[in-house]
Amino acid sequence: MLTALCGGFGNISFHEIRVPDPERYDTFVQAGRWYRETYYPLCVHQLLPDSIDRALYLDAGDTLVVGDIAPYYTCDFEDCFLIVTGQKYKMENGMPELFSKDDLTDRDDYLNGILEGLFNSGSYMINLQKMREERVDVLYYQALTEKLRERRQSVEEDKIYFGDQGLLSAAFIGSLKYYGYPRIYDVFYNPYNFCIGCYDFIDQKPEYQPAVLHFAGVPFKPWKADYPVFPERFQRDGGALRELAELKPQQVEYYFLWLEYLFLTDKVLKLLGY
């Protein structure tokens, strides 16, 4: 279906890449929960050709690109491993600053916050060239997980960090570029990873136009909403649908935008014989 859809658009090439030895990622499933697939981007630099020096990661299920991503995609890494949507700062002399590598090793009071995630991983840029130069591999992440496990022996049920964002935060702390920082310090400035759940904390729409929507921090995902016309492709999933009234008024607009994109996609697929 993906191959047909991309071919139908005419300006997108779909390349299937199978991840070798997927069981190697089970260490991270145990330590951070979520599924194996969550952790495949950890070594994407080993899966893509050396001629590709950067990659944009997007959560496959709950992100929607609705604007121009060029400013994000072409942003200077400034020798950092990742460009991210920052969601945590530390206060130094009354000013918000980025966490450093020493904060992971020397500050036990910072540890929990770091391992919950310094950024939201729905969308981030990966510096493939630096990953290769520094020889980052699965063994690096596994060794880091074991070190963190030793420091957190009292953690219930052996959970070490929160998903991929906790692991990536620990792995590259001090080498994460917050998009927009230091010009902008606002944790709600996230044009390329606009979490719809932010309306639990703010009332007004942002002054910028989000280019990537992330349906995170919401009561339910958009494919579980009880729309006036429910998309046929999702009817087979079954389960109780959720009322749009559970959402904040500002969130409902984005759900209907998701629905519009879905019907447009289905229209293309139908033309292609699906």
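What's counted below: heavy atoms across the whole structure, side chains too, no hydrogens, waters or symmetry copies.
When each of Thr85, Asn190, Asp59, Asn193 is checked for a side-chain hydrogen bond (donor to acceptor under 3.5 Å, both in side chains) with Asn120, only Asn193 meets the rule. With Arg36 as the fixed residue, the salt bridge (Lys or Arg N to Asp or Glu O under 4.0 Å) test singles out one of Asp21, Asp26, Asp164: Asp26.
If you look at Tyr185 and Tyr178, their ring centroids are not closer than 6.0 Å. Ring-centre distance between Phe188 and Tyr199: not below the 6.0 Å cut-off. Between Tyr208 and Tyr189, the ring centre distance stays below 6.0 Å. Between Tyr255 and Phe215, the distance from one ring center to the other falls under 6.0 angstrom. Taking the six-membered ring for Trp and the full ring otherwise, Trp34 and Phe162 have centroids separated by under 6.0 Å. Aromatic rings of Tyr124 and Tyr57 (six-membered ring for Trp) have centroids within the 6.0 Å cut-off, being under it. When ring centroids are compared, Tyr181 and Tyr89 come within the 6.0 Å threshold.
Atom-to-atom distance recorded for Phe77:CZ and Ser175:OG is 10.5 Å, nearest 0.5 angstrom. Between the CD1 atom of Ile17 and the OH atom of Tyr40 there is a distance of 13.0 Å, given to the nearest 0.5 Å. In this structure, the separation between CD on Gln142 and OG1 on Thr27 is 4.5 Å, given to the nearest 0.5 Å. Leu128 contributes atom CG, which lies 9.5 Å from atom CG of Asp50 (distance to the nearest 0.5 angstrom).
Look at Asp226 and Arg242 and you find no salt bridge, because none of the NZ, NE, NH1 or NH2 atoms lies under 4.0 Å from a carboxylate O. Note on Glu133 versus Arg135: no salt bridge recorded, every NZ/NE/NH1/NH2 to OD/OE distance being 4.0 Å or above. One finds a salt bridge joining Glu78 and Lys177 here, because a Lys/Arg side-chain nitrogen approaches an Asp/Glu carboxylate oxygen to under 4.0 Å. Salt-bridge check for Lys88 with Glu116: passed, with a basic side-chain N closer than 4.0 Å to an acidic carboxylate O. Glu150 has no carboxylate O lying under 4.0 Å from a charged side-chain N of Lys147, or vice versa, which leaves the two without a salt bridge.
Transitive grouping of hydrophobic side chains (ILVMFWY, heavy atoms separated by less than 4.5 Å) keeps Tyr261 and Phe9 in distinct clusters. Clustering ILVMFWY residues whenever any of their side-chain heavy atoms sit less than 4.5 angstrom apart, transitively, puts Leu82 in the very cluster that holds Tyr73. Each of Leu262 and Leu264 belongs to its own hydrophobic cluster when Ile, Leu, Val, Met, Phe, Trp and Tyr are linked at side-chain heavy-atom distances under 4.5 angstrom.
Relative to the ring axis of Phe81, Lys130 places its NZ or CZ within 45° and under 6.0 Å from the centre.
Side-chain atoms of Arg132 come within 3.5 Å of backbone atoms of His45 as a donor-acceptor pair (strictly under, hydrogens ignored).
Phe234 and Phe230 have perpendicular rings, their planes meeting at more than 60° on a 0 to 90° scale where under 30° would count as parallel. Ring-plane geometry between Tyr179 and Tyr72 is classed as perpendicular, the angle between the planes exceeding 60 degrees on a 0 to 90 degree scale with a lower cut at 30. Between Trp258 and Trp223, the ring-plane angle classifies as tilted under the 30° and 60° cut-offs.
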- With salt bridge (charged side-chain N to carboxylate O under 4.0 Å, His left out) as the test, would you mind laying out the steps for Glu253 and Lys205 before giving the verdict? CA-CA 11 Å; Glu253 177 183 338; Lys205 280 191 172 185; 2.8 Å; yes

- Which is it for Asp102 and Arg107 under the salt bridge (charged side-chain N to carboxylate O under 4.0 Å, His left out) test, yes or no, and what are the steps along the way? CA-CA 7 Å; Asp102 291 340; Arg107 294 290 301 266; over 6 Å; no

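Heavy atoms from other residues, nucleotides or ligands lying under 6.0 Å from OH of Tyr35 number 12 at most.
Between Met91 and Pro96, the closest side-chain pair of non-hydrogen atoms falls below 4.5 Å. Contact check for His214 versus Phe194: no side-chain heavy atoms found under the 4.5 Å cut-off.
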